[in-house]
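Have a look at the structure below, then the notes.
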Amino acid sequence: MNRSTGGRARATSLGSALCALPLILLSGCGGSGAEDTPNTTTSEAQRAQAQAVKVADTGMTQADAVRLAQQATFGPTEALVAEIRSLGAATWLDRQFALRSARYTSGGGDKVHTSGAQTDFCSTGGQKSNKYCWRDYKGTEPLVWDFYRNAVSQPDQLRQRMGMALSHILVISGREVEGTYGHRYYQNALLDLGFENYRKVLRKVTLSPLMGDYLDHVNNDRDAPNENYARELLQLFSLGTCLLNSDGTLKGGRCKPVYDNAMVRNYAFALTGWTYPLGGQNYWGCWPSGANCRYYTGDMVPAPKLRDTQARTLLRKVQVAAGTPAEQAVELVLDSLMKHPNVAPFVAKRLIQQLVASDPEPAYVARVSAAFESGRFSVTDSAGTHTYGQGKKGDLQATVAAVLLDSAARGAAPDAARAGHLRSPALLFTGALRAFNGYTDGAPFAWWWGETLRQHLFRSPSVFGFYPPEYPVPGTGRVGPEFAIHSTNAALERLNVLAWLFDWGGSNPDPNIPNAKGTKVDTSAFLTDAGDAATLVDRISALLLGEPLAEPGRQKVIDAVAYWTVNNDSQHWREKRVSAAAYLVMASPAYQVQR
């Protein structure tokens, strides 16, 4: 694939139309002004949650259907929007919750850790001539292929979005740990548990041998355990660093620490006594004494020789008695986290940020937090009452339903000051392909576009992910995590992505990629409206935005699209019109900043 044009804005047949719209906003998309939403107490939120929420599904608007598709899938298609409008939001969610998961399947097996070779696996006899050994057996590129293939074409869209959300919260990066089969196992586990209970998710993550390697938790020294995993379990995976109200605001109006370093050490000691699951082999033997060799399939297993035996006190006064076995200690750790009042607003806000809005209003966080606490969420529409969850704290189906069916996400266009988020590069890629009947083998979104736009999936720069969740949008007083990887150059590269798809023809199959089919859009379905530029632009705007572009931008796009006629391109003027309309609507701030 030719990257010679990678750093410049589009300068081909559609380039002259770029002046019809401003460049993508670099800041200021989050609004401004002081917070004026009153705090909601836990009791108020729970009383509100006890009543079924009215959701007006009959006559669901185009705008709301498109908004739900943007929040709960990897981008709207005309068929999907019609389905959502026909079923209503709650019934559509019911069907999504019932779908089985598409899987991560690509890449090599576990031989990288089971061969017992004296030298590195990719340097051994059968692999010496395999120039793709590192990619297929150690890297995460095969997961990128599967992610984009599933995101663009598979029907279980909500589960795939939830898997992505959890992977952005419970981060493991291929920059630090190698083993394709292990990353595949971890990401499939997140898909499997996406609508289960958050306690199950935390247990799976805590016992993950891949996570154990990534955050120095496996084979931990009982006399002086590494604190990395214990610290991130508290800070990034469950509670945060400051005591919170149920609406996610700071308790008492200032940061009061949830824990100190002595407490982190208590958690590190409580989580000792774990090693890799059986299956790994190493020519030089396993180390330390009492541990198994590196292996990433399954959960870690107890290693009594590595277990700290002293009594430890955890948060919420949970006691780990002296001599407690490793399995029981993990359950006590999870008890302490799930009992803590921070876990509900912490998880609620993180999921809202991943699916709906970067800077949600506190009352919205409180309502979702109440669903997490109670483990149930109910809505009533014209089809009846829909109830989600099993009634236990931490139920993710109830929490996700609360996120997506809340009044802050549904109904009339939300308040611009708090709603939406800058579309991440991954959602830009998938949104274009889905809207215009495209297909992909995922190959261009790893080392090419993924690296260019700083979201090469499964290779985040740190455990904080690609962008910190509390990143402030400069000059706005608002939070916008995705802006942390945005810049003037990134704004231009976003345009180049669209140019590549709609003007350069995308990518042809790479013979070095298994099951390659290339990455292309198919705009032929829109040719029937290409004879009238206004009709075409409004149709594409309805699909991508749920409504026409605002003036004066709409008319400028129509004028740019109408440039193409039989007089300047007798054979392909209709195709050029569709491509220009798609490019300009997707390049607009109205699309780039999802509302």
Side-chain angles (χ1 to χ4, degrees), residues 1-21 23-24 74-75 77 141 144-145 147-149 151-153 422-457 482 485-513 516-527 540 543-544 557 560-561 564 569 572 574-589 591-592:
M1 293 173 284
N2 184 1
R3 289 289 289 118
S4 61
T5 55
R8 60 181 175 82
R10 192 182 199 190
T12 53
S13 60
L14 299 183
S16 60
L18 181 58
C19 61
L21 291 174
L23 286 178
I24 301 165
F74 286 93
T77 68
E141 190 174 352
V144 176
W145 306 334
F147 171 86
Y148 283 104
R149 292 172 184 180
V152 169
S153 63
L422 176 66
R423 199 176 299 273
S424 71
L427 294 180
L428 176 68
F429 304 153
T430 60
L433 290 166
R434 284 178 56 79
F436 294 95
N437 307 306
Y439 57 86
T440 185
D441 52 26
F445 304 124
W447 297 104
W448 181 7
W449 290 118
E451 287 290 323
T452 298
L453 284 170
R454 298 172 63 188
Q455 197 175 28
H456 182 165
L457 293 181
E482 294 86 353
I485 59 171
H486 201 55
S487 63
T488 303
N489 186 66
L492 294 175
E493 289 291 3
R494 285 171 176 255
L495 302 184
N496 277 339
V497 170
L498 301 177
W500 163 68
L501 283 173
F502 294 109
D503 200 31
W504 305 343
S507 298
N508 292 321
D510 182 342
N512 298 312
I513 301 296
K517 58 182 179 180
T519 299
K520 294 179 181 293
V521 294
D522 178 0
T523 59
S524 60
F526 296 86
L527 294 177
I540 291 175
L543 169 60
L544 297 175
V557 172
V561 170
W564 296 105
D569 193 329
H572 303 294
R574 292 179 184 272
E575 289 85 352
K576 294 289 181 62
R577 281 191 171 190
V578 176
S579 294
Y583 173 88
L584 289 171
V585 173
M586 296 195 82
S588 70
Y591 181 78
Q592 294 287 329

Could you grab the distance from atom OG1 of T523 to atom CG of L501, nearest 0.5 Å is fine?
-> 11.0 Å

Any chance you could measure S507, atom OG, to W448, atom CH2, to the nearest 0.5 Å?
-> 4.5 Å

Sorted by chain and residue number, the salt bridge (Lys or Arg N to Asp or Glu O under 4.0 Å) partners of D569 (sequence neighbours excluded) come out as K576

Side-chain donor/acceptor of D522 to backbone N/O of G438, under 3.5 Å | no

Aromatic plane relationship, H456 with W447 - under 30° parallel, 30 to 60° tilted, over 60° perpendicular = perpendicular

Report yes if the side chains of F445 and T519 come closer than 4.5 Å at any heavy-atom pair, otherwise no.
-> yes

Any N496 side-chain heavy atom under 4.5 Å of W449 side chain | yes

Verify, without hydrogens or angle tests, whether Q455 (side chain) and A426 (backbone) share a donor-acceptor contact under 3.5 angstrom.
-> yes

So I540 and F526, side-chain contact (heavy atoms from CB on, under 4.5 Å) or not? Walk me through it.
-> CA-CA 8 Å; I540 291 175; F526 296 86; 3.9 Å; yes

Heavy atoms only: give me the nearest A435-L544 pair and the separation to one decimal.
-> CB-CD2, 3.6 Å

For the atom pair OH (Y148) and CG (L457), what is the distance rounded to the nearest 0.5 Å?
-> 4.0 Å

Aromatic contact, F436 with F502 (centres under 6.0 Å) | yes

Could I get the full list of ring-ring contact (aromatic ring centres under 6.0 Å, His included) partners for Y591, not counting sequence neighbours?
-> none

Taking the side chain as every heavy atom from C-beta outward, state whether V521 and L433 have any pair of such atoms under 4.5 Å apart.
-> yes

Separation between CD of E482 and CD of Q592, rounded to the nearest 0.5 Å | 12.0 Å

L498 vs L584 side-chain heavy atoms within contact, under 4.5 Å | no

Could you tell me the separation between the CG atom of L527 and the NE2 atom of H572, rounded to the nearest 0.5 Å?
-> 11.5 Å

Answer whether the closest heavy-atom distance between the side chains of E575 and S524 falls below 4.5 Å.
-> no

Donor-acceptor pair between S487 and N489 side chains, under 3.5 angstrom = no

Could you tell me whether the side chain of T430 and the main chain of F74 form a donor-acceptor pair under 3.5 Å?
-> yes

On a heavy-atom basis, the closest approach of R577 and V561 is CG-O, 3.3 Å

Can you name the nearest heavy-atom pair linking T440 to K517, along with the distance?
-> O-CE, 3.3 Å

Say you draw a straight line from CH2 of W145 to CD1 of I513; how long is it, rounded to the nearest 0.5 Å?
-> 4.0 Å

Closest heavy-atom pair and its distance - Y439, V152 = CA-CG1, 4.4 Å

Answer yes or no: is there a side-chain heavy-atom contact under 4.5 Å between V497 and P425?
-> no

K520 side chain to N508 backbone, donor-acceptor under 3.5 Å | no

